[in-house]
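In what follows, every chain begins at residue 1, and chains take the letters A, B, ... in the order their sequences are listed.
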Amino acid sequence: MRILQLHCDSIEYTPTKKEIKSAEEIENPQTQRLEEVVVAFVAIEDGDDSSVAQNAISQIKNSMEKIGCKKLLLYPYAHLSSNLAKPFVAIALLKEMEDGASDLEVSHSPFGWTKSYNLKVKGHPLAESSKVVTKDSTDSKDTELTSEALKGESKIRSYWKIMSPDGVMSNITDFDFSNYKKLEILAKYESAKVRHVDEPPPHVALMKKMAIADYEPASDSGNLRFFPNGRLIKSLIECYVTDRVKEYGGNEVETPIMYDSEHPSMVSYFNRFPARQYNIDSDGKKLFLRFAACFGQFLMANQFQLSHKNLPYRLYELTRYSFRREQSGELVGLRRLRAFTMPDCHAFCKDLEQAADEIKVRFDLSQSVLHELGIDKSDYEMAIRFTEDYYNENKSSIEELVKKHNKPVLVEMWTEKFFYFVLKWEFNFIDSTGKASALSTDQIDVENAERYGIEFVDENNTAQHPIILHNSPSGAIERIIYVLLEKAAKDIKEGRKPQYSLWLAPTQVRVIPLKEEFNDFCESLVDKISSNDIRVDIDDRNESIGKRIREAEKEWIRYILVIGDKEANSENLSIRDRKTGDVRELSFDDFLDEINKQTKDKPFTGLNLPKYLSKRPQLMV
RNA sequence: GCUUCGGUAGCUCAGUCUGGUAGAGCGUUACAUUGGUAAUGUAAAGGUCACGGGUUCAGAUCCCGUUCGAAGCUCCA
């Protein structure tokens, strides 16, 4: 950071025009005049951080004390350096310096504007000085860039409670958890931050063994690859969630995966929520990979002409991918990734009342989607967080959500609004190692409509900012697969057969010819079955019948048809049902019915592997 | 990101403490076998012991660094 400090009789400056896109918004670009003031021209350089800003402001304050001046103007002045920091960093640090001098009469001239100015510098020896403050010259115990938002977060004050379905709140220490063990884990996990695990989560081995997904060493950590089985499962889940959101009223859109971090909306957002994101330098443009679908949808909604009659209006996108550069130590299998697929549905509502109605609809949608994916209420615990003010004014609508869940929920009450939302709920899956992971979530956002300039015209023909809800009905798709695999691992551990929901099974029916001479018969049988939208394959390998059945079992294939003389000459099919382990006789049509009943209302896609096992490479053991 | 532990055949792992010819099972390939509801038999191929450096007559083994993974911490808009 470079500073030119001048003790002036007076300064007069006039903002004339914005120099960069991310220039600070100002109310009135009028001429400002200050008298008996220290003007600090400041250039914030690449690499400067919070510690540099603190150091700089304390040096300025020191010298001001010497000359006995109480008035400070921070004047962002790019021309002192050729190695400037990114604007959003600069704005944050400037703000931090201003806050650090709140005991003085302090102000700053607008950032990012061309200004004309006129100043009269005093004639005493200490009137002019320059300073260079760098990280090296600063005691750098805090090397991370700490913005106001991050510092604010550590200062957040909140109270943890448990709310029963009847709306009664109790302290965590008073609540009887004996019937709610998982809620107790969540409560301890969140509030006391108690975590101890000494084994890797079992889904990591399963995702490889079942040839679903694996780490890709040639990429960055947390960027997985999905094998044909995994792609098929993921694709079906993606389709299903999208279908359900569209049915609810979401309009699917597609937006870019990278954004300009110097775009004004981003600057303001980053200033509030500095992210760990992937950055890309492209021809001098500072791009970042999106970490949510919010930007794309908000920037799009900004262009829409909205009337109160259009609301609630719902936009939806399934991001493949969202990127978050999570700390390397936090990445695990399919639970926590750096690149993940996230359904994200925003509802623009005209006021808090409409938002409270809308959030109920989405709450039901989320529970229903999870249920159909194979995740029941008993598998997750609900947490709800809100500001004290929101609670006092909307008590009954909060209680209604808790009542819908019909189990006690973890409550976090914030004394102030720290984030952009006033309420947030989420469903947390607790795995066998006691780790909590959020699945579905919804938020009531009262800030971003203004930040992104989203407006609707109300009944009185006045422009207003809508309230925005942020719902992911399922949470990340990878995380859904993680939950399904963790549940399967639990089944294995407790002696039950793990299984896929039939609509998600990579192979639904396997046909095994007893001898080569039945291959033709099997071929036509398989064609007949697959023409009814069923994923069926043929194990034509030269292996014993026992071995081929065993391998089908290991792949969790629900139905096995062994074809020999008896079957080739029979009207009926002999079906080995893995669920029971028995062999049943069924007519072809009854068999189709049985399958269709289980896959009804679910998306279908064809077999994603070679039809013949003899043509299939082994991907994983 | 920090601390700790780990990386040996395609996979799962022994061997490392105590330095001296690279091991097993599964899988793969070939041949035989044509089966009746959870593993047919025989044989073969397959390894710069993660990468780079050091100590030593000699390093998978001991030491240092890097990288990837795991657990804990921190974090999760």
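Residue contacts shown for A:Pro513 are absent, as no nucleic acid heavy atom lies under 4.0 Å away. Within the nucleic acid shown, A:Arg336 comes within 4.0 Å of at least one base atom, counting heavy atoms only. Counting non-hydrogen atoms under 4.0 angstrom, A:Ile512 reaches nothing in the nucleic acid. Residue contacts shown for A:Glu567 include a base, since a base heavy atom lies under 4.0 Å away. Within 4.0 Å (heavy atoms only), A:Ser221 reaches sugar-phosphate atoms of the nucleic acid but no base atom.
For the pair A:Lys424 and A:Phe419, the NZ or CZ position fails the cation-pi test of under 6.0 Å to the six-membered ring centre and within 45 degrees of the ring normal.
Side-chain atoms of A:Lys435 lie closest to B:rG72 of the nucleotides B:rA77, B:rG72, B:rU74. Taking the side chain of A:Tyr215 as heavy atoms from C-beta on, and the options B:rG69, B:rA77, B:rG1, the nearest nucleotide is B:rG69. Candidate nucleotides B:rA71, B:rA38, B:rA77 were compared by shortest atom distance to the side chain of A:Val332, and B:rA71 ranks first. Here the nucleotide nearest the side chain of A:Phe291, chosen from B:rA77, B:rC75, B:rU37, is B:rA77. Each of B:rG35, B:rU37, B:rA77 was ranked by its minimum atom distance to the side chain of A:Tyr420; first place goes to B:rA77.
With sequence neighbours excluded, the residues satisfying ring pair (Phe, Tyr, Trp, His ring centres under 6.0 Å) with A:Phe298 are A:His346, A:Tyr452, A:His470. Residues satisfying the ring pair (Phe, Tyr, Trp, His ring centres under 6.0 Å) criterion with A:Tyr500, sequence neighbours excluded, are A:Trp556. Partners of A:Phe295 by ring pair (Phe, Tyr, Trp, His ring centres under 6.0 Å), not counting sequence neighbours, listed by chain and number: A:Tyr259, A:Tyr269, A:Phe288, A:Phe291. Residues satisfying the ring pair (Phe, Tyr, Trp, His ring centres under 6.0 Å) criterion with A:Tyr391, sequence neighbours excluded, are A:Phe386.
Nucleotides B:rC49 and B:rA22 are separated by 10 Å at their P atoms, to the nearest Å.
Checked by distance alone, A:Glu516 brings no side-chain donor or acceptor within 3.5 Å of a matching partner on the base of B:rG35.
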Quiz item: What is the per-nucleotide protein-contact pattern of nucleotides 40-45 of chain B, from the 5' end, where B denotes a base atom under 4.0 Å from a protein heavy atom, S denotes such proximity for sugar-phosphate atoms only, and - denotes neither?
Solution: S-----
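Just one of A:Arg338, A:Glu216, A:Met207 meets the side chain to side chain contact (heavy atoms under 4.5 Å, CB included) condition when paired with A:Leu224; it is A:Met207.
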N/O-N/O pairs, protein side and nucleotides 46-52 of chain B side, under 3.5 Å:
none

